[in-house]
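Side chains are part of it too, since the values below use all heavy atoms of this structure and drop only hydrogens, waters and symmetry mates. Quick caveat, the model's predicted, so the values are computed rather than measured.
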Amino acid sequence: PTISATGGINAACEGESIELTANSLGAVSYKWYQNGAVIGGATGSIYNATTTGNYTVSALNANGCESDQSAAIAITIHNLPVKPSITTNDNLQICEGEFIKLTSSVGVLYEWYHNGNPIQFPSDADPSVMVTVSNKQTIDVNMAGTYTVKVYNTQGCASVQSDAVV
């Protein structure tokens, strides 16, 4: 049998899965393996991989005869970044015209929210294009409300949102 990953994608973030499809002429069921160990209950032509490993599959015909295992496909599930925190160098009381500096814990990219809505910033590549994910670890704010942030790692995986700063 052969294995293919939907869309040719073999990496995802924790909490996501990668759909693997087995194909073998005359197969009535399949037996899936991860790192050489049988995956219990995985007998269909499709398996959703949720953990890192090397996946193979064998095919069973109507007589119950099992084929050799397929070539392995390597799947990587990346960890999510830790939940970020926000610090400020000022107290949270501001007067009109003043700003407070909010700084996220370290990430590769940042997605800031104000009252639950993503904040847009001009793109570094083209300032006429607005983006919600940027390299802005620190932002200056002057509007009341709640602020949260998500951070992204080098694999593009997003953390959960930080606790709110009011």
About how many Å separate [atom2] of [Y] and [atom1] of [X], when rounded to the nearest 0.5 Å?
X      : Y      : atom1 : atom2 : result
Tyr152 : Lys150 : OH    : NZ    : 5.0 Å
Ile100 : Asp140 : CD1   : CG    : 10.0 Å
Glu111 : Gln161 : CD    : CD    : 8.0 Å

Would you confirm whether [X], through its side chain, and [Y], through its main-chain N or O, come within 3.5 Å as a donor-acceptor pair?
X      : Y      : answer
Tyr110 : Gly107 : yes
Ser123 : Val129 : no
Asn35  : Asn54  : yes
Ser17  : Asn48  : no
Trp112 : Lys136 : yes
Ser159 : Pro81  : no
Trp32  : Gly40  : no
Thr76  : Ala11  : no
Asn153 : Gln155 : yes

Query raised in the report: What closest approach, in Å, do Ala164 and Thr146 show between heavy atoms, and which atom pair accounts for it?
Result: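 Smallest interatomic distance, heavy atoms only, reads CB-CB, 4.2 Å.
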Requested in this report: Applying side chain to side chain donor-acceptor pair (under 3.5 Å), run through Glu66 and Ser58 and close with a yes or a no.
Outcome: CA-CA 6 Å; Glu66 186 175 348; Ser58 61; 2.6 Å; yes
Query - Asp68 atom CG, over 12 foreign heavy atoms within 6.0 Å - result: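 Not more than 12 within 6.0 Å, no.
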Query raised in the report: Only one of Asn79, Thr52, Thr50 clears side chain to side chain contact (heavy atoms under 4.5 Å, CB included) with Glu14; which?
Result: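 When side chain to side chain contact (heavy atoms under 4.5 Å, CB included) is applied between Glu14 and each of Asn79, Thr52, Thr50, only Asn79 qualifies.
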Query raised in the report: Side chains of Thr51 and Gln34: donor-acceptor distance under 3.5 Å anywhere?
Result: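 Side-chain D/A pair, Thr51 to Gln34: present.
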